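To start, the structure itself, in structure tokens.
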There are 2 protein chains.
Amino acid sequence: MATDQLSVIFGALADPTRRAILARLADGPATVNELAEPFAITLPAISKHLKVLERAGLISRGREKQWRPCRLEAEPLREATEWMSRYRQFWESSFDKLDAHLRTILKGPEQ
Amino acid sequence: MATDQLSVIFGALADPTRRAILARLADGPATVNELAEPFAITLPAISKHLKVLERAGLISRGREKQWRPCRLEAEPLREATEWMSRYRQFWESSFDKLDAHLRTILKGPEQ
DNA sequence: GTGGTAGTTTACCGACTAGCTAATTAACCG
DNA sequence: CGGTTAATTAGCTAGTCGGTAAACTACCAC
């Protein structure tokens, strides 16, 4: 994967396990074991995912006794959303097209 | 990469060449050679990128004589933005934190 | 037909990724 | 100290990714 910040962010989001970890962290900080619990993968695999998320700036990690609590950092999501917002006009216009299409359908078959 | 739709979308966006292609397509449809022109990579590489973008639903392709014009399809970007919007409160609140931090700094060093 | 232009497919390569197991570090508890 | 829990590191495998060169398809013009 490329090393520019947006690529790292999108790359981190391109994995359902990592997105699920972010979703869990939206409910508050959690330890690595707590984050791992819902998944059928080993702790080292989770550890790697956390490193990817950390590199993307999507989480930060503290130190408390023997635990290393993770917390959500959403700033990169703001950046990513900002990048996408440039295209908003396009999906809004395609929504308009869908809307028009639905209207046509709801008018019933032309005969 | 995982095969769920969001993963495919984010995976497609996790490459600067592909994001540049989308940016170019925001100015209107283009042929493969037109899209390839700004890049120092071969045509087959561009062809692969286009396939990734197509699989993510980010572009669609027509057929006109010997050309296969590409056009932007922004609907997946809407989906991705929608997914991220769940976290908006977090980046807004961390902006608040930054704001507060800056205020603290601007008050000058406490002594 | 020949030849040129537009683009894709195939086969290959090196780098990276996601997963595993096993070993290791770090911090606590008794 | 030894034992337990929390988490990371190391080393491996299998698969994917971004790129290439070479061959192929499709269309147009002569």
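Computed from a predicted structure; not experimentally measured. Chain identifiers are assigned alphabetically (A, B, ...) following the order of the sequence lines, protein sequences preceding nucleic acid strands; residue numbering begins at 1 within each chain.
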Sugar-phosphate only, base, or nothing, as touched by L43(B) at under 4.0 Å among non-hydrogen atoms: base
Spacing of F39(A) atom CZ relative to dA18(C) atom P, expressed in whole Å: 14 Å
Of the listed nucleotides dT8(C), dT8(D), dT9(D), the one nearest the side chain of V32(B): dT8(C)
R19(B)/D4(A) salt bridge by N-O under 4.0 Å criterion: yes
Distance in angstrom units between I41(B) CD1 and dA21(D) P, rounded: 12 Å
E75(B) bridged to R78(B) by N-O distance under 4.0 Å: yes
Atom-to-atom span, CG of N33(B) to P of dC27(D) - whole angstrom: 17 Å
Touch class at under 4.0 angstrom, heavy-atom based, for A45(B) against every strand present: base
Protein-nucleotide distance (L50(A), atom CG; dT9(D), atom C1'), rounded to Å: 15 Å
R18(B) (side chain) donor-acceptor with G11(B) (main chain) under 3.5 angstrom: yes
Phosphate OP1/OP2 of dT20(D): any T42(B) side-chain N/O under 4.0 Å: yes
F10(A) CZ to dC17(D) P, straight-line distance once rounded to whole Å: 17 Å
Common cluster, L25(A)/V32(A), ILVMFWY with side-chain heavy-atom separation under 4.5 Å: yes
Sugar-phosphate, base or nothing in reach of A36(B), heavy atoms under 4.0 Å: nothing
S7(A) side chain vs T3(A) backbone, donor-acceptor pair below 3.5 Å: no
Under-4.0 Å side-chain N/O to phosphate OP1/OP2 contact, H49(B) with dG19(D): yes
Residue whose nearest DNA chain D nucleotide is more 5′ - R55(B) or P44(B): R55(B)
Residues L50(B), R68(B); criterion side chain to side chain contact (heavy atoms under 4.5 Å, CB included); working and verdict: CA-CA 11 Å; L50(B) 293 177; R68(B) 250 136 290 187; over 6 Å; no
Pairwise 5' ranking along DNA chain D for A14(B) and K51(A), keeping only the more 5' one: K51(A)
Any R68(A) side-chain N or O less than 4.0 Å from OP1/OP2 of dA26(C): no
Under 4.0 angstrom between R61(A) side-chain N/O and dT8(D) OP1 or OP2: yes
Length of the line joining E64(A):CD and dA6(D):C1', which is rounded to integer Å: 13 Å
Between C1' of dA14(D) and NZ of K48(A), the distance in whole Å: 12 Å
Nearest-angstrom distance from the residue atom CD of Q66(B) to C1' of dA29(D): 10 Å
Nearest-nucleotide comparison on DNA chain C, the residue closer to the 5′ end among T31(B) and D15(A): T31(B)
K65(A) side chain near dT5(D) phosphate (N/O to OP1/OP2, under 4.0 Å): no
Side-chain N or O of S47(A) closer than 4.0 Å to phosphate OP1/OP2 of dA7(D): no
